[in-house]
Visitor: 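Next up is a structure, given as structure tokens.
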Amino acid sequence: MENVLAVLNVGDFAQAFSKMGMFPVFDLAYYIVSILYLKYEPGSVEVSRRSPVASWLCAMLYCFGSYILADILLGSSPIDYFQHNSHILLASAVWYLIFYCPLNLFYKCVAFLPVKLVLVALKEVVRTRKIAAGVHHAHHAYHHGFFIMVIVGYVKGSGVALISNFEQLLRGVWRPETNEILNMSFPTKASLYGAILFTMQEAHWLPVSKSTLILIFTLFMATSKVVMTARHSHGSPFTLIESWICHLLFGSPLAGSEEDHHHASSPATPSSPLKTKEELSEGVRKRKAKKAE
């Protein structure tokens with residue numbers, strides 16, 4: 001595989017891409033999309049008016065939750081990342097603009113679909129780097145702890161989702177049914193699969209360089225998320241493969257048969273386009289605002 005990539009001259013580009021700095025452009029996009037999704041959550045706007053401190057803490061968890069959880073797992077201080085003043089100030093500025101900008105101008109700009117698609121793609125660049133960095137960090141601490149590498153890389157890629165129930169408590173909401181382990185979203189699943197791939201690469205079980213793997217996985221994540229966001233879909237590219245594997249190994253019913261049964265039992269139900277959890281929450285918030293007016 002390396003020979004094929006060498007012929008295509010991908011190696012040099014992948015090397016340059018893997019060394020590209022994330023701050024401030026890519027990190028800024030990550031903070032914008034993360035806090036944008038926070039604003040979609042039920043009750044987040046009300047909390048920002050009633051308790052700005054709680055709202056700010058929720059925003060920091062959305063931006064840095066993966067670092068906090070990974071530090072706890074590796075025995076470091078959970079507030080260790082807050083020593084990076086420039087990151088904290090940048091994320092705080094984004095939080096303020098999204099929640100308190102006059103006439104909601106900043107929110108309207110970043111929520112505009114073409115702009116949002118660019119930001120979503122940039123965020124996935126950061127996610128891939130975090131997964132790779134988490135696996136690499138765990139490899140140094142536990143040289144042969146392959147499961148630990150997977151767990152830390154997984155947490156680095158999806159830590160925000162994994163501690164979402166704790167973040168809900170800060171907003172005065174408790175919804176245990178939204179536990180990310182029970183209902184894994186596409187980014188969470190992809191972070192797990194990515195952590196496995198980077199662990200295999202770190203253990204030299206995968207015949208590809210880390211820079212090339214970063215480039216390939218980033219392209220996959222960015223393309224998938226942009227397409228899903230543009231189509232307002234919460235589906236997953238892994239659904240078909242997962243359904244067959246789960247049916248083979250665990251006896252779970254195939255996803256296709258469940259959907260066919262559902263459609264057969266309710267033929268009169270009109271089909272509607274799938275929407276993401278964030279967009280559904282945003283629709284509810286807008287309807288409540290209209291009623292209040």
Visitor: Could you see if V53 belongs to whatever hydrophobic cluster contains L38? Use Ile, Leu, Val, Met, Phe, Trp, Tyr and a side-chain cutoff under 4.5 Å.
Guide: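 Yes, because V53 and L38 connect within a single hydrophobic cluster, where side-chain heavy atoms sit under 4.5 Å apart.
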
Visitor: Does the side chain of L122 come within less than 4.5 Å of Y30's, by heavy atoms?
Guide: no

Visitor: If I take atom CH2 from residue W174 and atom CG from residue N165, how far apart are they, to the nearest 0.5 angstrom?
Guide: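 So the CH2 of W174 and the CG of N165 are separated by 5.0 Å.
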
Visitor: So does V47 get a backbone contact from the side chain of S51, meaning a donor-acceptor N/O pair under 3.5 Å?
Guide: no

Visitor: Output the distance between atom CG (N179) and atom OG (S164), rounded to the nearest 0.5 Å.
Guide: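 Going from the CG atom of N179 to the OG atom of S164 covers 7.0 Å.
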
Visitor: Within the 4.5 Å heavy-atom criterion, are F82 and M60 side-chain neighbours or not?
Guide: yes

Visitor: Between E41 and V173, does a side-chain contact (heavy atoms from CB on, under 4.5 Å) hold up when you go through it step by step?
Guide: CA-CA 10 Å; E41 289 295 322; V173 179; over 6 Å; no

Visitor: May I have the step-by-step check of side-chain contact (heavy atoms from CB on, under 4.5 Å) for K123 and F26, ending in yes or no?
Guide: CA-CA 6 Å; K123 179 183 179 180; F26 292 92; over 6 Å; no

Visitor: Mind checking whether F64 and Y31 have parallel, tilted or perpendicular rings, split at 30° and 60°?
Guide: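 Aromatic pair F64/Y31 classed perpendicular.
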
Visitor: What distance separates E180 CD from I163 CD1, expressed to the nearest 0.5 Å?
Guide: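 The distance works out to 11.5 Å.
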
Visitor: Looking at every heavy atom in both R127 and S191, which two are closest together, and how far apart are they?
Guide: CD-OG, 3.8 Å

Visitor: Less than 4.5 Å apart, any side-chain heavy atom of F23 and any of L90?
Guide: yes

Visitor: Would you check if C63 and I35 make a side-chain contact, meaning some heavy-atom pair closer than 4.5 Å?
Guide: yes

Visitor: Are I68 and I72 packed together at the side-chain level, in the sense that at least one heavy-atom pair is separated by less than 4.5 angstrom?
Guide: yes

Visitor: Quick check: Y40 with Y62 (ring centres under 6.0 Å apart)?
Guide: no

Visitor: Verify the neighbour count for atom CG of L182: are there more than 12 heavy atoms of other residues, nucleotides or ligands below 6.0 Å?
Guide: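 Above 12, so yes.
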
Visitor: Which residues satisfy the ring pair (Phe, Tyr, Trp, His ring centres under 6.0 Å) test with H144, sequence neighbours excluded?
Guide: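 Partners of H144 under the ring pair (Phe, Tyr, Trp, His ring centres under 6.0 Å) test: none.
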
Visitor: List the atom of M184, the atom of K189, and the distance in Å for their closest heavy-atom pair.
Guide: O-CE, 3.5 Å

Visitor: I need the minimum non-hydrogen distance between G153 and V135, along with the two atoms involved.
Guide: CA-CG2, 3.9 Å

Visitor: Please list, one pair per line, the donor and acceptor atoms closer than 3.5 Å that link side chains of residues 197-204 to other protein atoms, with sequence neighbours excluded.
Guide:
residue	atom	partner	partner atom	Å
T199	OG1	A195	O	2.7
Q201	NE2	V208	O	3.3
E202	OE1	K210	NZ	3.2

Visitor: Report yes or no: do Q168 and T178 form a side-chain donor-acceptor pair below 3.5 Å?
Guide: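 Indeed, the side chains of Q168 and T178 share at least one donor-acceptor pair under 3.5 Å.
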
Visitor: Could you grab the distance from atom OG of S34 to atom CG of L119, nearest 0.5 Å is fine?
Guide: 10.5 Å

Visitor: Check for a donor-acceptor pair, side chain of T229 on one end and backbone N or O of V226 on the other, with a separation under 3.5 Å.
Guide: no

Visitor: Measure the CD-OG1 distance between Q15 and T212 for me, rounded to the nearest 0.5 Å.
Guide: 8.0 Å

Visitor: What pair of heavy atoms forms the shortest contact from A161 to T188, and how long is it?
Guide: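 Looks like CB-OG1, 3.8 Å.
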
Visitor: Show me the side-chain donor-acceptor pairs of residues 95-102 shorter than 3.5 Å, one per line, residues at least two apart or across chains.
Guide:
residue	atom	partner	partner atom	Å
W95	NE1	S55	OG	2.9
Y100	OH	S48	O	2.6

Visitor: Does a side-chain heavy-atom distance below 4.5 Å link I181 with L162?
Guide: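 When only atoms from C-beta onward are counted, L162 and I181 do touch, with a gap below 4.5 Å.
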
Visitor: For F217 and I131: C-alpha separation, side-chain torsions, deciding distance, then whether side-chain contact (heavy atoms from CB on, under 4.5 Å) applies.
Guide: CA-CA 10 Å; F217 195 74; I131 296 172; 4.1 Å; yes

Visitor: Any link between L89 and Y67 through a network of hydrophobic side chains (Ile, Leu, Val, Met, Phe, Trp, Tyr) touching at under 4.5 Å?
Guide: no

Visitor: Would you please test F17 and S211 for side-chain contact (heavy atoms from CB on, under 4.5 Å) and show each step?
Guide: CA-CA 8 Å; F17 179 77; S211 59; over 6 Å; no

Visitor: Determine, using the 4.5 Å side-chain heavy-atom cutoff (strictly less than), whether V152 and V126 are members of one ILVMFWY cluster.
Guide: no

Visitor: Looking at every heavy atom in both V110 and K116, which two are closest together, and how far apart are they?
Guide: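 Smallest heavy-atom distance, with atoms named: O-CB, 3.5 Å.
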
Visitor: Mind checking whether I32 and F106 have side chains closer than 4.5 Å, heavy atoms only?
Guide: yes

Visitor: Would you name the heavy atoms of R171 and P42 that are closest together and state the gap between them?
Guide: NH1-O, 2.8 Å

Visitor: Measure the acute angle between the ring planes of F146 and W205, then classify it against the limits of 30° and 60° as parallel, tilted or perpendicular.
Guide: tilted

Visitor: Please check: side-chain N/O of Q83 versus main-chain N/O of D80, any donor-acceptor pairing under 3.5 Å?
Guide: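 Side chain of Q83 to backbone of D80, a donor-acceptor pair under 3.5 Å: yes, one is there.
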
Visitor: So if you build clusters from Ile, Leu, Val, Met, Phe, Trp, Tyr with side-chain heavy-atom gaps below 4.5 Å, do F112 and V118 land together?
Guide: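 Yes, same cluster.
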
Visitor: Evaluate the side-chain proximity of L215 to L219: yes if any heavy-atom separation is below 4.5 Å, no if none is.
Guide: yes

Visitor: Determine, using the 4.5 Å side-chain heavy-atom cutoff (strictly less than), whether V115 and M228 are members of one ILVMFWY cluster.
Guide: yes

Visitor: Has the side chain of S224 got a donor or acceptor atom that lies under 3.5 Å from a matching backbone atom of M221?
Guide: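 Answer holds: no.
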
Visitor: Around atom CD1 of I79, are there more than 12 heavy atoms of other residues, nucleotides or ligands at under 6.0 Å?
Guide: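 No, not enclosed.
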
Visitor: Could you state the interatomic distance from OG1 (T128) to CE (M22), rounded to the nearest 0.5 Å?
Guide: 9.5 Å

Visitor: Determine whether the side chains of K130 and S66 contain a donor N or O and an acceptor N or O closer than 3.5 Å.
Guide: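 Side-chain D/A pair, K130 to S66: present.
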
Visitor: Can you label the angle between the H140 ring and the H136 ring as parallel, tilted or perpendicular, going by 30° and 60°?
Guide: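 Rings of H140 and H136: perpendicular, over 60°.
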
